[in-house]
Amino acid sequence: MKVYHVAYLGYDSEAALALESGLKQAGFKFTSLGADSEGIRKAAEIQPDIIIWDIGDVREGQVKIPAEEMKKAGLEKQCIVAVVPSADIEGAIQSLASGAIDFIFKPLKDSPVPRIIAALNTCQKKRRIDWYSRIIEDTNNQIKGILATMEDPAYIVSPQYQILYMNRAAEEIFGEGLRGGTCHHVFYDRTEPCEVCAKSKGPARWRAVLKNGKSYRFISAIIRNSTGEIEKLAVGTDITPDEEVKKIHRTFISNVSHDLRTPLAAIDQYVSIMLDGLGGELTDEQKQYLQVIKRSSFRLHNLIENLIDANNILSGHFKLTMEVTTIPQILEIVLPRLKAQAEDSNLTFQLSVPDDLPPIYADKARIAQVVANLVGNAIKFTEQGIVQLRAGFMPRDEGRIIVSVEDTGIGIPKEDLGKIFELFYRVEKDKVYVEEGAGLGLSISREIVRAHGGTLWVESMEGMGSAFHFTLPVQKGLRV
Ligand code: ADP
């Protein structure tokens, strides 16, 4: 069994004796030393489990337990219990304030053992807490060390939005000496906390243009300081080059697609004139060549319109003409063409749309465009089998319409599933299999569905087929 060692540092032989007899009886080891630097040095040598410091007969003046001196001498893990002359309440309070965890009045009337055991227990807990705090402090210092060397801005704020730390990159943007200010004011020139920060209790993401004119994507995480208080750490990534490249892309796409429209319209028009025989008699072979030109120019026309569409979405020029409508009304616009397309490809086209679907509030042409894109893809990527278009009602939330397009086609590899909604993304091997398409349709469709307050997602297994689903909210008050 462990024998606890108690060191008494003081000059009161009566108190020392009373402590010694009480503690030794209970199986403690006891050493009596002077309450001075020499006593502290000796105590550091023997490393007792607890120190009893006699404050002496101090009736006036400040009681100061030399806790710091003891720590420096090597008595770091020991707790201190003060011995205080009885009725010296002031002395007892001062000894606690200057580093003791408990006190005992002298002359000792009762056994000191219960008080010492309680102090040992508290001391053990305190040591554990100190240990955890030190780990947290070390970790936080390491984090700050990493943040200090980063090129991107990072800062730590309190739950009251007060800036506690800024790294060099943040100081280079905002200036130094701003700690203590509120983040929304210093970083974003706002009088109120930013919405994302006020709302989120956990990690958050946002984008912001900072005072240096650059765009940043921020992520934040909750951390704790060594006293257990919650703080928020935010780190920004400079995405300005991205934005600039995108802007160049957008201008380029916009210019090129608009410039292509006019000559293409002329080609289309003159091919039609020639096919109608207005330019003179044509042989069958010549007619066939012209049909190929017409089909190709139609595909080019679609591609250009898609590019212009995608560009408008990217630059935020995206307006919806909303009206109360129904899924069957929307399908009327595209179904004849899609059915014919499926037939041309020798595919079975199945349609399952209940008559009693609630009406929705939507841009008919845009939702028709989404359906056409999904069914078009299903046909394009299915060699044989079935293409199915289904619609239904989901009572979740305020009520949603779900439209699903399923096929028995080539499917989509797992690693591509997350990427097919990105602009210009096409699954690598499809480029060989189907030369049509520029990887625009799905990103446009997803934006259209999002703009309606819905979601577009995919389920697929390579070699088995794909199912694309999109939902549209039933407008409040329109539910049947
Ligand atoms: P694209 O004009 O190339 O079809 P999309 O954005 O509509 O552009 O689709 C992106 C890519 O997603 C396609 O190139 C194809 O690789 C894949 N994809 C889309 N729909 C299907 C489907 N039904 N089956 C298999 N792959 C598909």
Side-chain angles (χ1 to χ4, degrees), residues 246 249-250 253 256-257 260 295-314 318 334-335 337-339 341-352 365-391 402-451 454-471:
K246 275 185 195 159
H249 271 166
R250 267 177 248 162
I253 291 169
V256 170
S257 37
L260 281 175
R295 272 203 303 276
S296 300
S297 86
F298 178 71
R299 263 167 49 190
L300 209 51
H301 169 84
N302 276 346
L303 177 63
I304 291 166
E305 290 309 313
N306 274 342
L307 272 173
I308 292 172
D309 234 17
N311 221 31
N312 285 342
I313 289 172
L314 274 180
F318 182 51
V334 280
L335 267 188
R337 180 159 59 87
L338 295 173
K339 277 180 180 162
Q341 223 175 305
E343 212 167 288
D344 285 349
S345 305
N346 290 322
L347 296 170
T348 310
F349 186 82
Q350 289 179 350
L351 185 70
S352 159
R366 286 298 190 179
I367 298 299
Q369 185 182 351
V370 174
V371 173
N373 178 249
L374 297 183
V375 176
N377 276 349
I379 295 170
K380 204 159 69 172
F381 297 106
T382 307
E383 262 183 310
Q384 56 181 19
I386 303 163
V387 170
Q388 218 180 10
L389 171 63
R390 285 186 288 125
I402 178 162
V403 179
S404 304
V405 177
E406 286 174 39
D407 63 56
T408 53
I410 59 169
I412 299 159
K414 218 169 162 192
E415 62 273 18
D416 291 298
L417 274 179
K419 299 185 194 146
I420 54 168
F421 294 97
E422 285 169 16
L423 266 181
F424 302 112
Y425 193 85
R426 295 180 66 197
V427 177
E428 200 59 39
K429 64 182 171 61
D430 300 345
K431 288 176 193 159
V432 188
Y433 175 58
V434 194
E435 87 271 25
E436 241 182 278
L440 291 171
L442 285 177
S443 38
I444 295 174
S445 299
R446 181 169 262 184
E447 279 315 311
I448 293 173
V449 172
R450 275 185 186 163
T455 316
L456 168 60
W457 73 100
V458 62
E459 294 167 291
S460 185
M461 260 171 88
E462 204 177 354
M464 302 290 286
S466 309
F468 285 81
H469 313 275
F470 71 88
T471 58

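Start at 1 and go down the list; that is how both ligands and their atoms are numbered.
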J.: Under 4.0 Å, heavy atoms only, figure out whether ligand 1 is touched by the backbone of Ile412, its side chain, both or neither.
T.: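 Under 4.0 Å from ligand 1, Ile412 contributes side-chain atoms alone.
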J.: For Lys380, counting its heavy atoms only, list the atoms of ligand 1 lying under 4.0 Å from any of them.
T.: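 This gives 1 (P), 2 (O), 4 (O) as the contact atoms.
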J.: Exactly one of Val370, Leu389, Leu338, Asn377 should register a side chain to side chain contact (heavy atoms under 4.5 Å, CB included) with Val405. Which one does?
T.: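 For Val405, the side chain to side chain contact (heavy atoms under 4.5 Å, CB included) test succeeds with only one of Val370, Leu389, Leu338, Asn377, which is Leu389.
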J.: Measure the distances from the heavy atoms of Gly411 to every atom of ligand 1 and state whether one is below 4.0 angstrom.
T.: yes
J.: For Arg426, take its heavy atoms, then give the atoms of ligand 1 lying under 4.0 Å from any of them.
T.: 3 (O), 14 (O)
J.: For ligand 1, is any non-hydrogen atom under 4.0 Å from Phe468's backbone (N, CA, C, O), its side chain (CB onward), both, or neither?
T.: side chain
J.: Does ligand 1 have a heavy atom under 4.0 Å from the side chain of Leu374, from its backbone, from both, or from neither?
T.: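 Looking at Leu374 and ligand 1, no heavy atom falls under 4.0 Å.
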J.: Got a sec, which residues hit salt bridge (Lys or Arg N to Asp or Glu O under 4.0 Å) with Arg450, two or more places apart in sequence or on another chain?
T.: Glu447
J.: If the cut-off is 4.0 Å to any non-hydrogen atom of Gly441, which atoms of ligand 1 fall inside it?
T.: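 The list of qualifying atoms is 5 (P), 6 (O), 7 (O), 8 (O).
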J.: Would you indicate which of Gly439, Ser445, Ala310 comes nearest to atom 8 (O) of ligand 1 when only heavy atoms are counted?
T.: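 Heavy atom nearest to atom 8 (O) of ligand 1 belongs to Gly439.
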J.: Looking at Ile379 and Ala342, what are the two nearest heavy atoms and their distance?
T.: CD1-N, 3.7 Å
J.: Are side-chain heavy atoms of Val427 and Phe381 found at a separation under 4.5 Å?
T.: no
J.: Arg366: which residues meet the salt bridge (Lys or Arg N to Asp or Glu O under 4.0 Å) condition with it, sequence neighbours left out?
T.: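 By the salt bridge (Lys or Arg N to Asp or Glu O under 4.0 Å) rule, Arg366 matches Asp309.
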J.: I'd like to check which ligand 1 atoms, numbered from 1 as shown, lie under 4.0 Å from a non-hydrogen atom of Tyr425.
T.: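 Those of ligand 1 that fall under 4.0 Å from Tyr425 are 10 (C), 11 (C).
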J.: Just wondering, are more than 12 heavy atoms of other shown residues or ligands nearer than 6.0 Å to CD in Glu415?
T.: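 For Glu415, atom CD is crowded (more than 12 foreign heavy atoms under 6.0 Å).
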J.: Number the atoms of ligand 1 from 1 as they appear, then name those within less than 4.0 Å of a heavy atom of Asn373, with their elements.
T.: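 Ligand 1 atoms under the 4.0 Å threshold to Asn373: 7 (O).
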J.: Does any N/O atom on Val427 come nearer than 3.5 Å to any N/O atom on ligand 1?
T.: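 Right, the criterion is met.
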J.: Under 3.5 Å between any N/O of Ser443 and any N/O of ligand 1: does that happen in this structure?
T.: no
J.: Can you tell me if Ser460 uses its side chain to pair, donor with acceptor, with the backbone of Gly411 under 3.5 Å?
T.: no
J.: Could you list the atoms of ligand 1 found under 4.0 angstrom from a heavy atom of Leu440?
T.: 6 (O), 8 (O)
J.: Are Ile420 and Phe468 close enough that some pair of their side-chain heavy atoms sits under 4.5 Å apart?
T.: yes
J.: Which is closest to atom 6 (O) of ligand 1 in terms of heavy atoms, Leu442, Ile379, Ile420?
T.: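 Answer by nearest heavy atom: Leu442.
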J.: Could you tell me whether the side chain of Phe470 reaches within less than 4.5 Å of the side chain of Ile448, counting heavy atoms only?
T.: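 A side-chain contact is absent here, since even the closest heavy-atom pair is not under 4.5 Å.
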